Structure formats: structure tokens, C-alpha cells
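Notes for the one structure printed next.
In the text below, chain A, chain B and the rest are named by the order of the sequence lines, each starting its count at 1. Note that the structure is predicted; figures quoted are calculated from it, not measured.
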Amino acid sequence: MVLVAGTGMTAFNRRKDGSGFRDWASEAFEEALVAAQIGRGDIDALVVASESDYFSMQLNPASVLADDFGLAGVACQRAEGGGASGQVAVHAGVALIRSGVARRVAVVGFEPSASYLSGTAVSELYGYSFDAWTDGMSGVSATALYALSAKAFMARCGATFEDFAAIAVLNRTYACDNPLAHLPLEITLDDVAESPMISDPYTRLDCSPLSDGAAALILSHPDAAPQSRRQCARIAGIGAGSDRVRLGDRADPGYFAGKQIAAKRAYEMAGIARPETEIDLAEVYDAYSGAQLQAIEALGLSQDFMDEFRSGGFTQSGRLPVNLSGGLMGQGAPVGATGIAQAVTCVRQIEGTYHSGLQLRDPPRVAIADTHGGVATVCAVTVFTEAPQ
Amino acid sequence: MKYQLVLDYHLGEGALGPYLEGLSEGTALARQCRRCDRVTFPPERVCTCQTKDNLPATYGWKTLTGRASVIHRTYGLGGGFALARFDGADNLAVCRIDNPGREGTAAVLRATGEYRPAITIEIRGETIETID
């Protein structure tokens with residue numbers, strides 16, 4: 001059991017103020033440090049999440065941020081797993097504490113995905129997130145690969161364009177109550193259908209944006225947290241898994257098998273035997289609208305996920321609210337920060353301190369955060385729980 | 001501040017060399033496991049039969065006809081792409097569609113040249129009579 005003693009995150013958006021990733025990371029770190037009620041001298045280790053040096057123009061970013069944070073002398077490392085980088089870093093921090101190597105760990109994720117490079121350049125670089133030597137050489141984009149996976153999913157499960165569009169609308173609606181969100185939009189199903197086609201079935205509004213931003217956690221061994229923070233939310237389980245890197249090598253290109261493996265491991269560590277009834281809140285990796293449904297399926301969140309989705313079971317007033325933050329589509333997606341921001345949402349929801357319009361009246365007891373890199377190739381799932389009563 | 005980085009890669013092709021050379025010439029060169037006969041295009045470095053046990057396997061190259069069946073396809077800003085199964089292969093391949101406007105599921109491999117060799121197909125309709 002590892003405590004999340006403090007959380008911090010910046011707004012996710014396209015920065016136009018001349019600030020840089022080192023500013024954002026410092027802002028998130030300082031907020032988490034204050035929330036944890038500890039000093040920087042109490043930190044034993046720093047784990048930094050960032051997907052790509054191409055975006056930041058900074059190799060070895062952990063060394064730079066350790067210095068910026070005033071943490072010279074701590075053990076520092078970078079964790080990377082594509083879109084899963086943030087939660088891979090969280091897992092690395094948990095492992096440091098559970099192994100006894102560290103007592104308090106700062107986990108900080110960032111990415112300048114929006115303002116440093118053109119969208120065209122970033123999209124091309126994302127195309128190398130997959131098997132660059134085979135699929136990547138074709139010029140296939142991330143959107144096209146997700147679209148092919150979605151087509152396979154639709155053929156098997158009967159999901160429709162309208163189902164996907166409903167998710168795109170709902171997540172942007174949630175973002176309207178999230179002051180840190182990149183895309184708070186009041187849109188309709190028709191708006192989604194009429195926005196430019198990127199790669200069918202996905203229109204522009206079915207896609208998550210490229211965002212700038214940072215997020216941070218202070219993790220602590222239960223005995224090392226300040227007395228005032230010992231009733232904070234905790235990490236009860238972590239699980240990671242992987243799938244074949246090429247869609248064509250998978251038994252079903254529309255099923256996120258690596259995510260299912262990661263979830264099973266996280267649930268086992270947390271003692272969750274029936275995820276479809278024991279989980280109260282989920283932040284899942286909706287890089288694209290259809291990927292949210294694919295995630296709900298693979299995470300085992302419902303016995304009949306399509307029927308429950310269509311009947312509103314995963315909305316704010318439903319049985320299991322999903323992506324109340326707005327998800328990647330609404331809150332935004334600065335890659336290295338994404339998984340950590342999901343953790344921030346889960347922790348604040350459990351502690352009852354989330355944004356007022358989105359805070360669940362009965363704070364969740366158990367929440368999960370789910371991320372992946374590639375098309376659900378590198379997968380990481382984390383289970384958060386309230387403090388024991 | 002402004003900054004520009006220009007990179008010119010010369011990538012070592014290694015075990016993928018024969019496959020990539022085949023693509024540049026329009027030949028579908030698949031990898032075949034001599035232990036279980038699984039044929040993969042694009043090639044797998046380690047056969048799935050190896051993941052079930054640790055018994056040794058050896059591999060060879062097998063030339064496919066270059067005919068393919070499109071299973072799923074997507075069209076958009078970046079062009080057309082498909083998941084297709086090449087005749088004789090046990091896996092699917094992500095392919096660029098050379099003629100995205102054409103209907104049908106029957107396709108053939110096209111040569112791409114030496115720059116960025118990748119699986120590129122031309123859709124021929126519902127059936128293919130001959131391959132040129």
C-alpha cells in the first residue's frame with residue numbers, strides 16, 4: 001500500500017504565454033509538494049514521465065527537472081511507455097517505495113505536445129509510436145491505426161458512429177466543468193458527424209487534442225507521510241501488460257488484450273474479485289472516442305458494456321462514471337502528464353476535493369486509472385482506494 | 001526561441017533486410033517458421049510457437065503471390081489504409097492503399113522503391129484475374 005500524499009497539475013491547453021515545459025513541471029511539482037505537507041528535502045526519488053525528446057528537445061529530462069525542483073542529490077530517472085508513460089512512472093514510484101528503496105517519491109509528467117512543434121510534425125512523430133520499421137514506413141497515422149482497430153471492434157460488437165459520437169460529446173461536456181481542461185465544448189452529435197473526417201470512422205471531434213501541460217504526485221510509504229495526510233487516498237494495486245505491437249499480429253485487432261492483462265494484475269493486487277461491481281469510478285484512455293468503449297470492455301467494467309453504455313450506465317449519474325475529467329478528449333493529452341492527471345482525478349474524487357460540478361456526491365471508494373501506449377500495446381492500470389475506515 | 005533540427009537517418013535493416021528489399025521491388029517475401037510452418041507477412045522475428053515452449057525453431061523466407069484480401073479499411077486526410085491478409089500468410093498486414101477510391105476487397109502488392117519501403121496495395125475490385 002502506497003499513499004498519494006499530494007497531487008498537482010497545470011491547466012492542459014496550447015500555451016501561448018511563452019512558458020515552457022520546465023515551468024509547467026515546476027508548477028505541478030510545487031502544488032503537489034504543498035498538498036503533501038512536506039518539504040523538498042523529504043523527497044528521496046524523482047520519476048519523470050515524458051514520451052519523446054523530439055517534443056521537448058531535452059534528452060535526460062529527469063536530470064534537468066531534479067535541478068529545477070531543488071532536488072539535487074535525489075535518485076532520479078525517466079519512465080517511458082508511449083501514451084502510458086505517466087502511469088508507467090507512477091508504477092515505478094510505487095515499486096521504489098514497496099521495495100524499500102525510497103520512502104517518498106515525486107512523480108512528475110509533462111509534454112509540450114501542442115506549442116513547440118506544428119501539429120503536422122507531431123502527428124508524423126506519433127506515427128513512429130507503433131512498429132516504425134513495418135507499419136510506420138507506410139506513413140500510417142495514429143488515427144488511421146486506431147480507426148482500423150475501431151472497425152474491427154465495431155464489426156464484432158455492433159458499435160456505431162453514433163455511439164462514438166456520443167462519447168465525444170459527453171467528454172467535452174464534462175470538460176466544461178473542469179477549469180483545467182483543454183476542450184470544454186458544448187457540441188452535438190451532428191457537430192461530431194460534420195467535423196472534418198480524419199480517418200473514418202473518426203472525425204476531428206472524435207480525436208483527443210495535442211496539449212501542453214504537466215501533472216505531479218507525491219507518493220509516500222504509509223509510515224513516512226505527515227500525520228495530517230495519513231488518511232489520504234492510496235494506491236492499492238498496479239498492473240501492467242502488453243500486446244503484439246502490430247495490429248495484424250493480434251488475434252482480434254479490435255480487442256485490447258494487453259489492457260485486459262494489465263487490469264487483471266492490478267485488480268488481483270488490490271483484491272478486486274468483481275470489477276464490474278466493485279469499482280466506483282474510472283478514468284480510461286480515450287485517445288479516440290471508440291477507444292473509450294474498447295477500454296471499458298477490456299477492463300471488465302460491465303457484464304454487457306454496450307447495453308450499459310447505451311442506457312447511460314457510464315455517465316456522471318450512472319452506475320460507474322467514466323472520464324468525468326473529460327478524459328483525453330476533453331481535458332487534453334500532454335502525453336507524459338496524461339496518466340498522472342488521471343491519478344490526480346481519482347485521488348481528488350476519493351477525497352471529495354474534485355471540481356465542484358464533477359465531484360460525485362458520494363465520493364468513490366475505489367477508482368481506477370487506465371492508460372496505454374501504441375494501440376493498447378503498452379498498458380498500465382492503477383487502482384486507488386480510500387483510506388481504511 | 002526558434003530552433004530547427006534536421007536529421008538524415010541511415011537505418012540498419014538487420015533481419016528485416018530481405019523483406020524490405022522485396023517490398024521495394026514489389027515482392028511479398030514472408031518469413032516461415034520451419035517448425036510449425038506459420039507464415040508471416042510482415043515477418044515476425046520469433047514465431048508464436050516459440051512463445052508456447054522454448055524448443056528451438058529455424059526460419060526461412062517464402063515468396064507469396066502478392067495477392068491480398070482487404071479485411072478492414074479506413075480513408076481520410078492521410079490517404080487510405082487497410083488491414084489485409086496476403087494469400088498464404090497467417091497474420092494480417094497494415095497496408096497503404098495506392099488507389100483509395102476503388103471499391104472491392106481484392107488487392108495486389110505494389111513496388112514502393114527504396115525510400116521508405118512499406119506494404120502498399122492496389123485494390124483491383126472483388127476478384128483478381130491476373131497480376132501484372
request  = State the CD-CZ distance between B:E122 and B:R96, to the nearest 0.5 angstrom.
outcome  = 14.5 Å

remark   = Most contact-rich option vs chain A, by heavy-atom pairs under 4.5 angstrom, among B:C95, B:P42, B:G79, B:A118, is B:P42

Region of A:Y54 that comes under 4.5 Å of a non-hydrogen atom in chain B = side chain

query = Is the number of heavy atoms from other residues, nucleotides or ligands within 6.0 Å of CZ (B:R85) greater than 12?
reply = yes

inquiry  = Is it the case that atom CZ in A:R156 sees more than 12 heavy atoms from other parts of the structure closer than 6.0 Å?
reply    = yes

task = Flag the one option from A:G139, A:G18, A:S141, A:A147 with the top tally of heavy-atom pairs under 4.5 Å to chain B.
result = A:G139

remark   = Counting heavy-atom pairs under 4.5 angstrom with chain A, the leader among B:L11, B:L5, B:L16 is B:L11

key: Minimum-distance pair of heavy atoms, taken over all atoms of A:A114 and A:N13   = CB-O, 4.3 Å

key: Segment of A:R244 engaging chain B (4.5 angstrom heavy-atom cut-off)   = side chain

key: Interatomic distance, A:S56 atom OG to A:E111 atom CD [nearest 0.5 angstrom]   = 7.0 Å

task = Name the region of A:A155, side chain, backbone, both or neither, that has any atom closer than 4.5 Å to a heavy atom of chain B.
result = side chain

query = Would you find a donor on one side and an acceptor on the other, under 3.5 Å apart, between the side chain of B:T27 and the backbone of B:L29?
reply = no

inquiry  = If we check side chain to side chain contact (heavy atoms under 4.5 Å, CB included) with A:L328, which of these qualifies: A:N171, A:D286, A:L183?
reply    = A:D286

inquiry  = Please classify the contact of B:Y3 with chain A as side chain, backbone, both or neither, using a heavy-atom distance under 4.5 Å.
reply    = side chain

key: Best-contacting candidate, A:R250, A:M197, A:R246, A:K151, against chain B by heavy atom pairs under 4.5 angstrom   = A:R246

ask   = Using 4.0 Å as the upper bound for N to carboxylate O, is an ion pair formed by A:R172 and A:D191?
value = no

ask   = Which bit of B:T48 comes within less than 4.5 Å of chain A, counting heavy atoms only: side chain, backbone, both or neither?
value = side chain

inquiry  = Below 4.5 Å, heavy-atom pairs only: which of B:T74, B:L77, B:L23, B:N91 has the largest tally toward chain A?
reply    = B:T74

remark   = Bottom line for A:P253: the part with an atom under 4.5 Å from chain B's heavy atoms is side chain

remark   = Honestly, the part of B:I71 sitting under 4.5 Å from a heavy atom of chain A is neither

task = Could you look at B:A89 and say if it's the side chain, the backbone, both or neither that has a heavy atom under 4.5 Å from chain A?
result = neither

query = Between the side chain of A:Q294 and the main-chain N/O of A:F153, is any donor-acceptor distance below 3.5 Å?
reply = no

